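This structure is a prediction, so every number in the text was calculated from the model and none was measured.
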Amino acid sequence: MLPVAPALADLLPGAGLRRGSIVAVHQSTSLLFALLAEPTAAGAWAAVVGVPTLGVAAAAEHGVVVSRLALVPHPGAEYPAVMAALIDGVDLVVTEPRSVRPDVARRLAARARHRGVVLLSLGHWPSADVELHCTPGAWTGLTGDGAGYLRCRSVEVHVHGRGAAARPRSAPVLLPGPDGRVTRSGKTAVAREEEAVG
């Protein structure tokens, strides 16, 4: 397992990112950064392929150790070869799958599982083990007249998937929290699960 922030741990099977798993993060770069922060801080290496809009400064503000982050913004026609090489060499590989053919996606997923690499997809990936998305909430930090700085945003993180992740979970978090990192707010995921069952 690769570690994740405590605010997200009880949402994921095994309280972390299982090596060899495919994780789809839908419509939230901030949530992706929150997942990368703890592993890179613990010494893991990550690579981002085909995401030219990814902000390195924003990643650092969310706690990602950017000195352990390799960027290949425009792999072009060499995308499958670049992905395969990085899967062989790092702990986590992030990609945006908009133009990935299904057969290429299947081969890359099989390679990631075999090599024990966490493949993080910014968007849908066929047969993902875990899928996460956020329901965005309000920002705090501004005064009534619009002065001040945006400091925190409340979101609801939803997780579902296959196998150990088959039971949906959700929890309210601040993303970012007061220190720029993800923090838990409100009820715990376990309490919310009990409410849904009861």
Is there a continuous path of hydrophobic side-chain contacts, each under 4.5 Å between heavy atoms, that joins Leu2 to Trp45? no
Using only atom types and a distance under 3.5 Å, with no angle test, would you say the side chain of [X] pairs donor to acceptor with the backbone of [Y]?
X      : Y      : result
Thr95  : Val49  : yes
Arg68  : Gly43  : yes
Ser121 : Ala24  : no
Asp129 : Ser21  : no
Arg162 : Val130 : no
Asp91  : Ala46  : no

Using 30° and 60° as the class boundaries, would you call the ring planes of His158 and His133 parallel, tilted or perpendicular? parallel
Minimum heavy-atom distance between Gly55 and Phe33, given as atom pair plus value: O-CZ, 3.7 Å
I want to check something: taking the side chain as every heavy atom from C-beta on, are Val159 and Leu8 in contact at a cut-off of under 4.5 Å? no
I'd like to check Leu120 versus Leu32 (side-chain heavy atoms, cut-off strictly below 4.5 Å). Are they in contact? yes
Value rounded to 0.5 Å, distance of [atom1] in [X] from [atom2] in [Y]:
X     : Y      : atom1 : atom2 : value
Thr40 : Leu35  : OG1   : CG    : 11.0 Å
Leu31 : His62  : CG    : NE2   : 9.5 Å
Gln27 : Thr135 : CD    : OG1   : 10.0 Å

